Amino acid sequence: MAGSGSSVQLLGYWGSPYALRVELALKLKGVQYEYIEEDLTNKSTLLLHYNPVYKKVPVLVHDGKPLAESLVIIDYIDEVWKQNPILPQDPYERATARFWAKFADEKCVPAMIGAFVKQGEEKEKAAKEARENLKTLEGSLVGNQLIGGEKIGFLEIAAAWMGIWARIAEEIADVNLIDSETMPLLNNWFDKYLENPIVKECIPPWDKLLE
Amino acid sequence: MEEVKLLGTWPSPYAFRVQWALALKGVKYEYIEEDLLNKSGLLLRYNPVHKKIPVLVHNGKPICESIVILEYIEETWPHNPLLPEDPYERAMARFWAKFSDDKSHSFAAFFLADGEGQEKAIQESVEVLKTIEEGGLGDKKFFGGNEIGLADLAFGWLPFGFGVMEELVGVKLLDADKFPRLHAWIDNFRNHPVIKETLSDPDKLLACFKSKREMYFVSKTA
(Lines give C-alpha, C1' and ligand atoms only; values in the text may rest on other atoms or scores of the structure.)
Protein backbone atom coordinates (compact mmCIF):
# COMPACT_ATOMS: atom_id res chain seq x y z
CA MET A 1 0.00 0.00 0.00
CA ALA A 2 1.14 3.53 -0.61
CA GLY A 3 2.40 5.55 2.29
CA SER A 4 5.05 8.14 2.92
CA GLY A 5 7.63 5.36 2.56
CA SER A 6 6.69 4.31 -0.96
CA SER A 7 8.77 5.28 -3.96
CA VAL A 8 7.24 6.18 -7.28
CA GLN A 9 9.12 6.89 -10.47
CA LEU A 10 7.82 7.70 -13.90
CA LEU A 11 9.93 7.15 -16.98
CA GLY A 12 8.55 9.44 -19.64
CA TYR A 13 9.20 11.68 -22.60
CA TRP A 14 8.17 15.34 -22.69
CA GLY A 15 6.38 14.97 -26.04
CA SER A 16 4.58 11.72 -25.33
CA PRO A 17 0.81 11.98 -24.83
CA TYR A 18 0.90 8.54 -23.18
CA ALA A 19 3.37 9.72 -20.54
CA LEU A 20 1.18 12.83 -20.15
CA ARG A 21 -1.77 10.58 -19.31
CA VAL A 22 0.12 8.98 -16.43
CA GLU A 23 1.45 12.30 -15.11
CA LEU A 24 -2.07 13.67 -15.05
CA ALA A 25 -3.31 10.69 -13.09
CA LEU A 26 -0.48 10.96 -10.53
CA LYS A 27 -0.93 14.72 -10.09
CA LEU A 28 -4.72 14.44 -9.81
CA LYS A 29 -4.19 12.07 -6.91
CA GLY A 30 -1.45 14.16 -5.34
CA VAL A 31 1.05 11.30 -5.55
CA GLN A 32 4.72 12.30 -5.09
CA TYR A 33 6.91 10.88 -7.82
CA GLU A 34 10.29 11.23 -9.44
CA TYR A 35 10.14 11.99 -13.14
CA ILE A 36 12.87 10.56 -15.37
CA GLU A 37 13.09 11.97 -18.88
CA GLU A 38 14.05 9.36 -21.46
CA ASP A 39 15.94 10.01 -24.66
CA LEU A 40 13.96 7.89 -27.08
CA THR A 41 16.76 7.92 -29.64
CA ASN A 42 19.09 6.43 -27.04
CA LYS A 43 17.02 4.37 -24.64
CA SER A 44 18.44 3.94 -21.18
CA THR A 45 19.27 0.55 -19.71
CA LEU A 46 16.74 1.42 -17.02
CA LEU A 47 13.94 1.65 -19.58
CA LEU A 48 15.01 -1.52 -21.36
CA HIS A 49 15.19 -3.30 -18.00
CA TYR A 50 11.80 -2.08 -16.83
CA ASN A 51 9.94 -2.53 -20.13
CA PRO A 52 11.66 -5.32 -22.02
CA VAL A 53 8.49 -6.25 -23.90
CA TYR A 54 7.74 -2.93 -25.59
CA LYS A 55 10.80 -0.78 -24.68
CA LYS A 56 8.52 2.28 -24.55
CA VAL A 57 7.49 5.05 -22.21
CA PRO A 58 5.64 5.59 -20.00
CA VAL A 59 6.78 3.15 -17.32
CA LEU A 60 5.66 3.55 -13.73
CA VAL A 61 7.94 2.04 -11.12
CA HIS A 62 6.29 1.66 -7.72
CA ASP A 63 8.54 0.39 -4.94
CA GLY A 64 10.79 -1.13 -7.57
CA LYS A 65 8.03 -2.89 -9.51
CA PRO A 66 7.61 -1.71 -13.11
CA LEU A 67 4.38 -1.28 -15.05
CA ALA A 68 3.95 -0.43 -18.71
CA GLU A 69 1.04 0.56 -20.98
CA SER A 70 -0.50 3.88 -19.97
CA LEU A 71 -4.12 2.79 -19.48
CA VAL A 72 -3.05 -0.27 -17.48
CA ILE A 73 -0.95 2.09 -15.36
CA ILE A 74 -3.89 4.42 -14.81
CA ASP A 75 -6.09 1.52 -13.67
CA TYR A 76 -3.33 0.61 -11.20
CA ILE A 77 -2.96 4.17 -9.93
CA ASP A 78 -6.72 4.35 -9.38
CA GLU A 79 -6.68 1.11 -7.38
CA VAL A 80 -3.66 1.90 -5.21
CA TRP A 81 -4.39 5.57 -4.42
CA LYS A 82 -8.08 5.77 -3.68
CA GLN A 83 -8.48 9.56 -3.33
CA ASN A 84 -9.95 11.55 -6.25
CA PRO A 85 -11.17 8.51 -8.18
CA ILE A 86 -10.48 8.52 -11.90
CA LEU A 87 -12.82 5.76 -13.05
CA PRO A 88 -16.49 5.94 -12.07
CA GLN A 89 -17.84 3.51 -9.46
CA ASP A 90 -20.62 1.96 -11.51
CA PRO A 91 -19.48 -1.06 -13.61
CA TYR A 92 -21.50 -0.01 -16.65
CA GLU A 93 -20.08 3.52 -16.58
CA ARG A 94 -16.58 2.07 -16.17
CA ALA A 95 -17.13 -0.18 -19.18
CA THR A 96 -18.34 2.81 -21.20
CA ALA A 97 -15.26 4.88 -20.27
CA ARG A 98 -12.95 1.98 -21.18
CA PHE A 99 -14.78 1.41 -24.47
CA TRP A 100 -14.36 5.03 -25.60
CA ALA A 101 -10.73 5.22 -24.46
CA LYS A 102 -10.04 2.16 -26.62
CA PHE A 103 -11.96 3.72 -29.50
CA ALA A 104 -9.91 6.91 -29.28
CA ASP A 105 -6.64 4.95 -29.25
CA GLU A 106 -7.55 2.54 -32.03
CA LYS A 107 -9.66 4.67 -34.33
CA CYS A 108 -8.88 8.35 -33.80
CA VAL A 109 -5.15 8.40 -33.10
CA PRO A 110 -3.91 6.35 -36.08
CA ALA A 111 -6.11 8.37 -38.46
CA MET A 112 -4.82 11.63 -36.99
CA ILE A 113 -1.24 10.42 -37.36
CA GLY A 114 -2.00 9.43 -40.96
CA ALA A 115 -3.36 12.89 -41.70
CA PHE A 116 -0.19 14.37 -40.27
CA VAL A 117 2.45 12.22 -41.97
CA LYS A 118 0.88 11.19 -45.26
CA GLN A 119 0.66 13.12 -48.49
CA GLY A 120 -1.90 13.83 -51.16
CA GLU A 121 -4.87 11.53 -51.51
CA GLU A 122 -3.83 9.30 -48.60
CA LYS A 123 -3.63 12.37 -46.38
CA GLU A 124 -7.14 13.45 -47.34
CA LYS A 125 -8.46 9.96 -46.74
CA ALA A 126 -6.82 9.80 -43.29
CA ALA A 127 -8.11 13.25 -42.36
CA LYS A 128 -11.63 12.29 -43.38
CA GLU A 129 -11.43 9.12 -41.31
CA ALA A 130 -10.10 11.11 -38.35
CA ARG A 131 -12.94 13.60 -38.58
CA GLU A 132 -15.55 10.83 -38.80
CA ASN A 133 -14.11 9.01 -35.81
CA LEU A 134 -13.78 12.20 -33.79
CA LYS A 135 -17.41 12.92 -34.59
CA THR A 136 -18.35 9.45 -33.32
CA LEU A 137 -16.33 10.08 -30.16
CA GLU A 138 -18.23 13.34 -29.73
CA GLY A 139 -21.43 11.29 -29.55
CA SER A 140 -20.15 9.74 -26.32
CA LEU A 141 -19.76 13.14 -24.67
CA VAL A 142 -23.44 13.97 -24.42
CA GLY A 143 -24.10 14.15 -20.71
CA ASN A 144 -20.38 14.17 -19.92
CA GLN A 145 -19.57 15.92 -16.64
CA LEU A 146 -16.61 17.84 -17.95
CA ILE A 147 -18.80 19.91 -20.23
CA GLY A 148 -20.72 21.29 -17.29
CA GLY A 149 -18.19 20.92 -14.50
CA GLU A 150 -14.52 20.72 -13.71
CA LYS A 151 -14.04 17.01 -13.27
CA ILE A 152 -11.30 15.15 -15.11
CA GLY A 153 -11.98 11.46 -15.39
CA PHE A 154 -10.69 8.42 -17.21
CA LEU A 155 -11.84 9.37 -20.69
CA GLU A 156 -10.51 12.92 -20.36
CA ILE A 157 -7.11 11.59 -19.29
CA ALA A 158 -7.16 8.94 -22.00
CA ALA A 159 -8.34 11.02 -24.93
CA ALA A 160 -8.64 14.78 -24.41
CA TRP A 161 -4.93 15.28 -25.19
CA MET A 162 -5.90 14.65 -28.80
CA GLY A 163 -7.22 18.21 -28.87
CA ILE A 164 -3.69 19.60 -28.49
CA TRP A 165 -2.06 17.25 -30.95
CA ALA A 166 -4.84 17.64 -33.51
CA ARG A 167 -4.50 21.42 -33.40
CA ILE A 168 -0.74 21.14 -33.85
CA ALA A 169 -1.25 18.78 -36.78
CA GLU A 170 -3.77 21.18 -38.29
CA GLU A 171 -1.30 24.01 -38.11
CA ILE A 172 1.71 22.13 -39.43
CA ALA A 173 0.13 19.84 -41.97
CA ASP A 174 -2.59 22.21 -43.14
CA VAL A 175 -5.37 19.73 -42.57
CA ASN A 176 -8.74 20.03 -40.88
CA LEU A 177 -9.36 17.58 -38.05
CA ILE A 178 -11.53 19.26 -35.42
CA ASP A 179 -14.28 21.34 -36.84
CA SER A 180 -15.77 23.67 -34.24
CA GLU A 181 -18.92 23.95 -36.33
CA THR A 182 -19.64 20.27 -36.85
CA MET A 183 -18.07 19.15 -33.54
CA PRO A 184 -18.99 21.86 -31.03
CA LEU A 185 -19.28 19.47 -28.08
CA LEU A 186 -15.91 17.91 -28.81
CA ASN A 187 -14.26 21.28 -29.27
CA ASN A 188 -15.74 22.49 -26.03
CA TRP A 189 -14.55 19.33 -24.28
CA PHE A 190 -10.98 19.90 -25.49
CA ASP A 191 -11.12 23.54 -24.38
CA LYS A 192 -12.38 22.62 -20.90
CA TYR A 193 -9.60 20.05 -20.57
CA LEU A 194 -6.98 22.65 -21.43
CA GLU A 195 -8.39 25.04 -18.84
CA ASN A 196 -7.89 22.55 -16.02
CA PRO A 197 -5.01 23.76 -13.82
CA ILE A 198 -3.41 20.33 -13.49
CA VAL A 199 -3.55 19.78 -17.22
CA LYS A 200 -1.91 23.17 -17.74
CA GLU A 201 0.90 22.08 -15.45
CA CYS A 202 1.54 18.88 -17.38
CA ILE A 203 1.13 19.59 -21.06
CA PRO A 204 4.24 20.24 -23.12
CA PRO A 205 4.75 23.81 -24.34
CA TRP A 206 2.97 24.55 -27.62
CA ASP A 207 6.10 26.00 -29.22
CA LYS A 208 8.25 23.03 -28.39
CA LEU A 209 5.63 20.67 -29.81
CA LEU A 210 5.36 22.76 -32.97
CA GLU A 211 9.06 22.36 -33.57
CA MET B 1 -34.41 -10.64 -12.36
CA GLU B 2 -31.16 -10.62 -14.31
CA GLU B 3 -31.24 -10.80 -18.06
CA VAL B 4 -27.97 -11.61 -19.77
CA LYS B 5 -27.55 -12.09 -23.49
CA LEU B 6 -24.44 -12.64 -25.55
CA LEU B 7 -24.26 -11.91 -29.26
CA GLY B 8 -21.46 -13.96 -30.76
CA THR B 9 -20.27 -15.92 -33.74
CA TRP B 10 -18.77 -19.36 -33.87
CA PRO B 11 -15.77 -19.78 -33.88
CA SER B 12 -14.71 -16.32 -32.79
CA PRO B 13 -12.11 -16.50 -30.01
CA TYR B 14 -13.30 -13.06 -28.84
CA ALA B 15 -16.81 -14.41 -28.30
CA PHE B 16 -15.35 -17.46 -26.58
CA ARG B 17 -13.48 -15.29 -24.09
CA VAL B 18 -16.81 -13.96 -22.89
CA GLN B 19 -18.49 -17.38 -22.91
CA TRP B 20 -15.65 -18.78 -20.82
CA ALA B 21 -15.88 -15.93 -18.32
CA LEU B 22 -19.63 -16.36 -17.92
CA ALA B 23 -19.25 -20.14 -17.58
CA LEU B 24 -16.47 -19.81 -14.98
CA LYS B 25 -18.74 -17.57 -12.94
CA GLY B 26 -21.82 -19.72 -13.45
CA VAL B 27 -23.78 -16.83 -14.95
CA LYS B 28 -26.84 -17.94 -16.96
CA TYR B 29 -27.21 -16.25 -20.31
CA GLU B 30 -28.92 -16.49 -23.64
CA TYR B 31 -26.52 -16.97 -26.54
CA ILE B 32 -27.44 -15.45 -29.89
CA GLU B 33 -25.44 -16.61 -32.90
CA GLU B 34 -24.91 -13.76 -35.37
CA ASP B 35 -24.44 -14.10 -39.10
CA LEU B 36 -21.69 -11.59 -39.86
CA LEU B 37 -22.59 -11.51 -43.54
CA ASN B 38 -26.11 -10.52 -42.61
CA LYS B 39 -25.90 -8.57 -39.37
CA SER B 40 -29.06 -8.49 -37.33
CA GLY B 41 -30.91 -5.34 -36.36
CA LEU B 42 -30.10 -6.30 -32.77
CA LEU B 43 -26.33 -6.27 -33.37
CA LEU B 44 -26.44 -2.99 -35.26
CA ARG B 45 -28.50 -1.45 -32.49
CA TYR B 46 -26.33 -2.74 -29.67
CA ASN B 47 -22.97 -2.05 -31.31
CA PRO B 48 -23.50 0.82 -33.73
CA VAL B 49 -19.88 1.97 -33.45
CA HIS B 50 -18.09 -1.22 -34.50
CA LYS B 51 -20.96 -3.50 -35.58
CA LYS B 52 -18.96 -6.45 -34.26
CA ILE B 53 -19.34 -9.31 -31.85
CA PRO B 54 -19.10 -10.10 -29.02
CA VAL B 55 -21.70 -7.89 -27.38
CA LEU B 56 -22.89 -8.61 -23.86
CA VAL B 57 -26.34 -7.26 -23.06
CA HIS B 58 -27.08 -7.03 -19.35
CA ASN B 59 -30.61 -5.98 -18.44
CA GLY B 60 -30.90 -4.28 -21.81
CA LYS B 61 -27.58 -2.41 -21.64
CA PRO B 62 -24.94 -3.38 -24.20
CA ILE B 63 -21.21 -3.70 -23.53
CA CYS B 64 -18.77 -4.14 -26.43
CA GLU B 65 -15.11 -5.09 -26.87
CA SER B 66 -14.20 -8.45 -25.33
CA ILE B 67 -11.69 -7.29 -22.71
CA VAL B 68 -13.98 -4.42 -21.65
CA ILE B 69 -16.73 -7.04 -21.32
CA LEU B 70 -14.49 -9.29 -19.21
CA GLU B 71 -13.74 -6.40 -16.82
CA TYR B 72 -17.46 -5.67 -16.60
CA ILE B 73 -18.27 -9.31 -15.87
CA GLU B 74 -15.59 -9.38 -13.18
CA GLU B 75 -16.99 -6.27 -11.50
CA THR B 76 -20.63 -7.27 -11.78
CA TRP B 77 -20.24 -10.91 -10.66
CA PRO B 78 -17.24 -10.82 -8.31
CA HIS B 79 -17.39 -14.48 -7.20
CA ASN B 80 -14.86 -16.88 -8.78
CA PRO B 81 -12.62 -13.91 -9.53
CA LEU B 82 -10.77 -13.61 -12.82
CA LEU B 83 -8.38 -11.03 -11.40
CA PRO B 84 -6.19 -11.36 -8.31
CA GLU B 85 -6.56 -9.14 -5.21
CA ASP B 86 -3.17 -7.49 -5.44
CA PRO B 87 -3.17 -4.34 -7.62
CA TYR B 88 0.22 -5.10 -9.15
CA GLU B 89 -0.81 -8.63 -10.13
CA ARG B 90 -4.04 -7.21 -11.56
CA ALA B 91 -2.06 -4.75 -13.63
CA MET B 92 0.17 -7.55 -14.94
CA ALA B 93 -2.91 -9.55 -15.97
CA ARG B 94 -4.25 -6.51 -17.84
CA PHE B 95 -0.86 -5.90 -19.45
CA TRP B 96 -0.71 -9.44 -20.82
CA ALA B 97 -4.33 -9.37 -21.98
CA LYS B 98 -3.49 -6.23 -23.98
CA PHE B 99 -0.34 -7.88 -25.29
CA SER B 100 -2.42 -10.74 -26.64
CA ASP B 101 -4.58 -8.30 -28.59
CA ASP B 102 -1.63 -6.18 -29.73
CA LYS B 103 0.14 -9.19 -31.20
CA SER B 104 -2.78 -10.98 -32.82
CA HIS B 105 -1.78 -9.53 -36.18
CA SER B 106 1.48 -11.50 -36.05
CA PHE B 107 -0.44 -14.74 -35.84
CA ALA B 108 -2.93 -13.64 -38.48
CA ALA B 109 0.11 -13.01 -40.67
CA PHE B 110 1.41 -16.50 -39.88
CA PHE B 111 -1.92 -18.02 -40.85
CA LEU B 112 -2.35 -16.07 -44.06
CA ALA B 113 1.18 -15.56 -45.34
CA ASP B 114 2.66 -17.41 -48.24
CA GLY B 115 5.95 -17.37 -50.08
CA GLU B 116 8.52 -14.89 -48.79
CA GLY B 117 6.19 -13.32 -46.28
CA GLN B 118 5.84 -16.63 -44.49
CA GLU B 119 9.44 -16.82 -43.21
CA LYS B 120 9.13 -13.40 -41.64
CA ALA B 121 5.71 -14.19 -40.16
CA ILE B 122 7.06 -17.42 -38.67
CA GLN B 123 10.00 -15.63 -37.06
CA GLU B 124 7.77 -12.93 -35.64
CA SER B 125 5.29 -15.44 -34.24
CA VAL B 126 8.08 -17.44 -32.58
CA GLU B 127 9.40 -14.26 -30.91
CA VAL B 128 5.95 -13.43 -29.62
CA LEU B 129 5.43 -16.97 -28.30
CA LYS B 130 8.78 -16.75 -26.48
CA THR B 131 7.78 -13.49 -24.86
CA ILE B 132 4.44 -14.95 -23.81
CA GLU B 133 6.04 -18.03 -22.31
CA GLU B 134 8.95 -16.39 -20.54
CA GLY B 135 7.49 -13.01 -19.63
CA GLY B 136 3.84 -13.77 -19.21
CA LEU B 137 3.50 -17.32 -18.04
CA GLY B 138 6.84 -17.97 -16.38
CA ASP B 139 6.60 -20.89 -13.95
CA LYS B 140 2.93 -20.48 -13.20
CA LYS B 141 0.30 -23.06 -14.02
CA PHE B 142 -1.98 -20.41 -15.46
CA PHE B 143 -1.32 -16.75 -16.29
CA GLY B 144 -3.65 -16.06 -13.38
CA GLY B 145 -1.60 -18.24 -11.00
CA ASN B 146 -3.29 -21.42 -9.80
CA GLU B 147 -6.59 -20.58 -11.41
CA ILE B 148 -7.65 -19.40 -14.85
CA GLY B 149 -7.81 -15.63 -15.00
CA LEU B 150 -8.29 -12.69 -17.34
CA ALA B 151 -4.98 -13.15 -19.15
CA ASP B 152 -5.63 -16.88 -19.67
CA LEU B 153 -8.92 -16.04 -21.36
CA ALA B 154 -7.19 -13.40 -23.47
CA PHE B 155 -4.68 -16.01 -24.67
CA GLY B 156 -7.44 -18.61 -24.97
CA TRP B 157 -7.25 -18.50 -28.77
CA LEU B 158 -3.98 -20.43 -28.46
CA PRO B 159 -5.46 -23.59 -26.94
CA PHE B 160 -8.63 -22.98 -28.87
CA GLY B 161 -7.50 -22.84 -32.46
CA PHE B 162 -3.77 -22.40 -32.90
CA GLY B 163 -3.15 -26.12 -33.39
CA VAL B 164 -5.61 -26.11 -36.26
CA MET B 165 -3.92 -23.07 -37.77
CA GLU B 166 -0.54 -24.79 -37.58
CA GLU B 167 -1.97 -27.86 -39.28
CA LEU B 168 -3.33 -25.79 -42.16
CA VAL B 169 -0.16 -23.75 -42.59
CA GLY B 170 1.89 -26.95 -42.35
CA VAL B 171 4.30 -25.46 -39.82
CA LYS B 172 4.47 -26.41 -36.15
CA LEU B 173 5.55 -23.47 -34.01
CA LEU B 174 4.32 -24.47 -30.56
CA ASP B 175 6.75 -27.31 -30.17
CA ALA B 176 6.62 -29.09 -26.80
CA ASP B 177 10.44 -28.99 -26.69
CA LYS B 178 10.78 -25.31 -27.55
CA PHE B 179 7.78 -24.14 -25.48
CA PRO B 180 7.33 -26.66 -22.68
CA ARG B 181 5.52 -24.29 -20.34
CA LEU B 182 3.08 -22.98 -22.94
CA HIS B 183 2.46 -26.55 -24.01
CA ALA B 184 1.61 -27.55 -20.44
CA TRP B 185 -0.57 -24.46 -20.09
CA ILE B 186 -2.52 -25.38 -23.21
CA ASP B 187 -3.19 -28.85 -21.79
CA ASN B 188 -4.26 -27.44 -18.42
CA PHE B 189 -6.52 -24.92 -20.11
CA ARG B 190 -8.18 -27.43 -22.39
CA ASN B 191 -8.69 -29.91 -19.54
CA HIS B 192 -10.21 -27.42 -17.15
CA PRO B 193 -13.70 -28.78 -16.34
CA VAL B 194 -15.50 -25.62 -17.39
CA ILE B 195 -13.46 -24.98 -20.54
CA LYS B 196 -13.63 -28.62 -21.64
CA GLU B 197 -17.40 -28.37 -22.14
CA THR B 198 -16.99 -25.53 -24.60
CA LEU B 199 -14.28 -26.82 -26.91
CA SER B 200 -15.26 -27.22 -30.53
CA ASP B 201 -15.15 -30.35 -32.59
CA PRO B 202 -11.67 -30.16 -34.15
CA ASP B 203 -12.84 -31.32 -37.57
CA LYS B 204 -15.50 -28.64 -37.67
CA LEU B 205 -12.91 -26.05 -36.67
CA LEU B 206 -10.45 -27.31 -39.27
CA ALA B 207 -13.06 -27.11 -42.01
CA CYS B 208 -14.03 -23.58 -40.99
CA PHE B 209 -10.47 -22.23 -40.80
CA LYS B 210 -9.56 -24.00 -44.02
CA SER B 211 -12.35 -22.31 -45.92
CA LYS B 212 -11.47 -18.89 -44.45
CA ARG B 213 -7.85 -19.32 -45.47
CA GLU B 214 -8.79 -20.40 -48.98
CA MET B 215 -11.20 -17.51 -49.36
CA TYR B 216 -8.44 -15.13 -48.31
CA PHE B 217 -5.97 -16.46 -50.90
CA VAL B 218 -8.62 -16.29 -53.58
CA SER B 219 -9.47 -12.71 -52.69
CA LYS B 220 -5.79 -11.78 -52.87
CA THR B 221 -5.37 -13.02 -56.41
CA ALA B 222 -8.73 -11.77 -57.67
Side-chain angles (χ1 to χ4, degrees), chain A residues 1-2 6 8 22 50-56 58-82 87-108 132-133 135-140 154-155 158, chain B residues 4 18 46-52 54-78 83-105 127-128 130-136 138 150-151 154:
Chain A
M1 270 316 279
S6 75
V8 182
V22 177
Y50 280 141
N51 190 1
V53 175
Y54 290 109
K55 305 176 177 53
K56 285 182 178 178
V59 178
L60 187 80
V61 188
H62 184 203
D63 290 337
K65 296 201 282 197
L67 274 177
E69 291 302 294
S70 56
L71 295 182
V72 172
I73 297 173
I74 291 173
D75 248 314
Y76 175 81
I77 291 172
D78 215 25
E79 285 178 6
V80 172
W81 292 279
K82 305 258 190 233
L87 274 163
Q89 290 297 311
D90 172 68
Y92 190 73
E93 287 178 34
R94 290 163 75 89
T96 305
R98 288 189 169 119
F99 174 87
W100 287 110
K102 194 167 194 274
F103 178 82
D105 272 353
E106 290 177 4
K107 297 290 181 191
C108 300
E132 275 168 10
N133 291 335
K135 184 74 189 152
T136 303
L137 181 65
E138 189 187 53
S140 78
F154 187 75
L155 187 59
Chain B
V4 184
V18 180
Y46 282 139
N47 191 358
V49 174
H50 298 296
K51 306 176 176 54
K52 285 182 175 179
V55 182
L56 187 78
V57 188
H58 185 207
N59 293 334
K61 296 201 284 196
I63 303 115
C64 311
E65 293 299 297
S66 61
I67 301 291
V68 175
I69 297 174
L70 292 186
E71 295 264 14
Y72 177 83
I73 289 173
E74 176 69 358
E75 289 167 11
T76 305
W77 295 281
L83 282 170
E85 293 266 323
D86 175 67
Y88 187 75
E89 298 301 319
R90 292 163 74 88
M92 290 315 290
R94 288 175 171 134
F95 174 87
W96 288 107
K98 184 163 194 288
F99 181 84
S100 176
D101 280 349
D102 284 350
K103 298 299 177 184
S104 63
H105 64 269
E127 280 312 308
V128 174
K130 265 200 213 147
T131 305
I132 296 173
E133 186 177 82
E134 287 163 25
L150 185 91

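In the text below, chain A, chain B and the rest are named by the order of the sequence lines, each starting its count at 1. From a predicted model like this one, the values you see are computed outputs, not experimental measurements.
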Enquirer: Does any part of the side chain of B/Asp101, heavy atoms only, come nearer than 4.5 Å to the side chain of A/Glu106, both counted from C-beta?
Expert: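 Not in contact.
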Enquirer: Quick check for you: to the nearest 0.5 Å, what is the distance between B/Ile63 atom CD1 and A/Phe99 atom CZ?
Expert: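 Reported to 0.5 Å precision, the distance equals 11.5 Å.
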Enquirer: Please name all residues satisfying side-chain hydrogen bond (donor to acceptor under 3.5 Å, both in side chains) with B/Glu75, sequence neighbours left out, ordered by chain then number.
Expert: A/Arg94, A/Arg98
Enquirer: Measuring heavy-atom distances to chain A, does B/His50 have an atom under 4.5 Å in its side chain, in its backbone, in both, or in neither?
Expert: side chain
Enquirer: How close do A/Val72 and B/Ala91 get, heavy atom to heavy atom, and via which atoms?
Expert: CG1-O, 3.3 Å
Enquirer: With a 4.5 angstrom heavy-atom cut-off, which part of A/Lys65 approaches chain B: side chain, backbone, both or neither?
Expert: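 Backbone plus side chain of A/Lys65, per the 4.5 Å heavy-atom cut-off to chain B.
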Enquirer: For B/Ala154, give me all partners under side-chain contact (heavy atoms from CB on, under 4.5 Å), at least two apart in sequence or on another chain.
Expert: B/Arg17, B/Ile67, B/Ala97, B/Ser100
Enquirer: Among A/Thr136, A/Asp75, A/Asn133, which residue forms the greatest number of heavy-atom pairs with chain B at distances under 4.5 Å?
Expert: A/Asp75
Enquirer: Which atoms of B/Arg94 come close to chain A, meaning under 4.5 Å heavy atom to heavy atom: side chain ones, backbone ones, both, or neither?
Expert: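 Its backbone and side chain both get close to chain A.
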Enquirer: Taking the six-membered ring for Trp, is the centroid-to-centroid distance between B/Phe95 and A/Tyr54 below 6.0 Å?
Expert: yes
Enquirer: How far apart are the closest heavy atoms of B/Tyr72 and A/Ala95, and which atoms are they?
Expert: CD1-CB, 4.1 Å
Enquirer: Rounded to the nearest 0.5 Å, how far does CD of A/Glu79 lie from CD of B/Glu85?
Expert: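 It is 10.5 Å, given to the nearest 0.5 Å.
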